[in-house]
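A quick write-up on the structure given underneath.
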Amino acid sequence: MSSFDLFANDFAEPMHTAIGEQAILFHQFLGNTDETILSNVREVLKVSPLRHLYTPSGHKMSVKSSNCGHYGWLTDKQGYRYQEIDPVTSKPWPQMPANLSVKAVEVARLAGFESFQPDSCLINVYLPGAKMGLHQDKDESDFTKPIVSFSFGLPVDFLWGGFKRSDKYQKITLQHADALVWGGKDRLRYHGVQQLKEGVHPTTGRCRVNLTIRQAD
Ligand SMILES: O=C(O)CCC(=O)C(=O)O
Ligand SMILES: [Mn+2]
């Protein structure tokens with residue numbers, strides 16, 4: 001490889017910020033594919049619509065959610081889990097759009113996770129005022145697989161904590177088209193989302209859309 005190739009590669013690498021030993025925020029990673037991904041998500045939502053989920057203790061979540069992919073993440077009185085059937089439609093969840101899984105695998109690889117095979121995408125839509133409390137993603141069967149999170153629309157403060165809920169957390173702003181990947185040593189960190197502030201985004205309007213792409217099984 002010539003020194004020119006090295007130079008070119010530096011520029012080809014997406015802008016990123018390490019937020020942990022094995023957690024990287026890729027700024028504007030979805031800058032060219034945002035509209036396509038969002039229109040695919042809208043098609044998914046025509047089949048498996050957004051709905052509010054309830055925690056096992058009966059608390060109504062402020063975000064509205066749906067899923068695509070082989071498994072959908074759910075919570076209700078029966079607990080937190082993955083399920084192949086959407087309880088609203090009694091049918092399998094819509095397929096994960098190919099471009100979504102391709103971009104998720106690509107960014108996971110950039111973050112150092114080679115054998116990621118996403119089979120689940122949780123779609124969360126936040127209106128101003130919606131938030132998500134500190135939690136761990138731990139309903140998946142293999143914690144060596146990373147979490148890939150795509151954000152669109154209004155910016156939000158993401159809470160990035162430690163391994164206990166009471167640990168101190170940092171606030172990291174997630175912007176439209178950002179991709180965040182965490183895994184390995186950081187896989188079970190507590191994280192959450194601060195209340196979404198009022199605003200209107202040119203691409204999504206008055207909301208934030210988060211896609212959390214995982215290998216559930
Ligand atoms: O909206 C986000 O950025 C995070 C969502 C999340 O952590 C989850 O659904 O488990
Ligand atoms: Mn989570």
Side-chain angles (χ1 to χ4, degrees), residues 17 19-20 22-27 29-30 34 37-38 41 44-45 48 50-56 59-69 71-76 79-83 93 96 100 104 107-108 111 118-140 143 145-165 167 169-183 186-197 199 201 204 207-216:
T17 306
I19 64 162
Q22 292 188 280
I24 305 183
L25 171 57
F26 293 89
H27 304 275
F29 180 73
L30 302 157
D34 56 337
I37 289 177
L38 286 169
V41 168
V44 164
L45 297 178
S48 277
L50 290 170
R51 78 290 307 258
H52 286 286
L53 298 176
Y54 289 81
T55 65
H59 174 78
K60 182 182 174 181
M61 292 181 71
S62 57
V63 294
K64 286 180 102 176
S65 308
S66 185
N67 290 277
C68 57
Y71 296 101
W73 185 86
L74 281 183
T75 167
D76 59 20
Y80 299 113
R81 65 189 181 282
Y82 284 95
Q83 188 170 299
W93 300 99
M96 191 175 331
L100 194 53
V107 78
D119 56 16
S120 175
C121 172
L122 171 63
I123 303 162
N124 287 317
V125 176
Y126 298 73
L127 293 186
K131 61 183 178 184
M132 192 175 289
L134 285 170
H135 66 277
Q136 294 168 297
D137 286 6
K138 57 177 185 188
D139 301 317
E140 301 71 33
F143 295 150
K145 305 297 177 182
I147 303 291
V148 173
S149 165
F150 292 165
S151 291
F152 301 97
L154 292 174
V156 82
D157 279 338
F158 184 76
L159 311 177
W160 182 239
F163 299 99
K164 293 200 303 270
R165 194 191 303 272
D167 285 348
Y169 56 79
Q170 305 174 52
K171 289 183 192 176
I172 292 151
T173 306
L174 297 181
Q175 308 269 4
H176 176 76
D178 283 352
L180 179 61
V181 183
W182 69 92
D186 292 317
R187 177 64 177 72
L188 289 173
R189 277 189 189 268
Y190 276 85
H191 58 280
V193 168
Q194 203 155 51
Q195 204 165 57
L196 189 72
K197 294 197 182 87
H201 189 274
T204 62
C207 73
R208 167 176 186 260
V209 179
N210 174 259
L211 307 178
T212 296
I213 299 130
R214 306 184 180 111
Q215 186 169 337

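Counting starts at 1 for both ligands and their atoms, following the listed order.
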Scan side-chain atoms only and decide if N210 and S149 contain a donor-acceptor pair under the 3.5 Å cut-off.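 On atom types as modelled, these side chains qualify, holding a pair under 3.5 Å.
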
N/O to N/O below 3.5 Å, does that happen between N124 and ligand 1?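 Yes, N124 has an N/O under 3.5 Å of an N/O on ligand 1.
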
Decide whether the shortest distance between a heavy atom of R214 and an atom of ligand 1 is less than 4.0 Å.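 Contact check R214 vs ligand 1: positive.
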
Tell me whether W73 reaches ligand 1 (any heavy atom closer than 4.0 angstrom to a ligand atom).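 In this structure, W73 fails to qualify as a contact of ligand 1 - no heavy atom is under 4.0 Å.
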
In the protein, which heavy atom is nearest to atom 1 (O) of ligand 1, and how far is it?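 Looking only at protein heavy atoms, the one closest to atom 1 (O) of ligand 1 is Y126 OH, 2.5 Å.
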
Any donor and acceptor pair, going by atom type alone, linking the side chain of [X] with main-chain N or O of [Y] inside 3.5 Å?
X	Y	value
N124	S65	no
S151	D178	no
S66	S48	yes

Roughly how far, to the nearest 0.5 Å, is CD of Q170 from CZ of F158?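 Between atom CZ of F158 and atom CD of Q170 there are 10.5 Å.
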
Enter the distance from L38:CG to H176:NE2 here, rounded to the nearest 0.5 Å.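 Here the interatomic distance stands at 6.5 Å.
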
Residue part near ligand 1, for D137, under 4.0 Å between non-hydrogen atoms: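 For D137, the contact with ligand 1 is made by the side chain alone.
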
Proximity of L122 to ligand 1 by residue part, where a heavy atom lies under 4.0 Å: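 Only the side chain of L122 comes within reach of ligand 1.
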
Check side-chain contact (heavy atoms from CB on, under 4.5 Å) between E140 and all other residues, then give those that pass, not counting sequence neighbours.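 If we apply the side-chain contact (heavy atoms from CB on, under 4.5 Å) test to E140, skipping adjacent residues, the hits are Y82, D137, F143, R187, R214.
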
Sequence neighbours left out, what passes side-chain contact (heavy atoms from CB on, under 4.5 Å) with L100? Give chain and number order.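 Expected list: I37, C68, M96, P97, C121, F150, L211, I213.
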
Contact atoms of ligand 1, heavy-atom distance to N210 under 4.0 Å: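 Taking each heavy atom of N210 in turn, ligand 1 has 1 (O), 2 (C), 3 (O), 4 (C), 5 (C) under 4.0 Å.
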
Enumerate the atoms of ligand 1 whose separation from the nearest heavy atom of V193 is less than 4.0 angstrom.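 Under 4.0 Å from V193, ligand 1 has these atoms: 1 (O), 2 (C), 3 (O), 4 (C).
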
Which residues pass the side chain to side chain donor-acceptor pair (under 3.5 Å) test with S62, not counting sequence neighbours?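 Not a single residue meets the side chain to side chain donor-acceptor pair (under 3.5 Å) criterion with S62.
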
Test side chain to side chain contact (heavy atoms under 4.5 Å, CB included) applied to F26 and L180, step by step: CA-CA 6 Å; F26 293 89; L180 179 61; over 6 Å; no

Ignoring water, what protein N, O or S atoms are under 2.8 Å from the Mn ion (ligand 2)?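 Correct list: H135 NE2, D137 OD1, H191 NE2.
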
Nearest heavy atom to atom 3 (O) of ligand 1 wins, so pick from M132, R208, H191.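 It is R208 whose heavy atom sits nearest to atom 3 (O) of ligand 1.
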
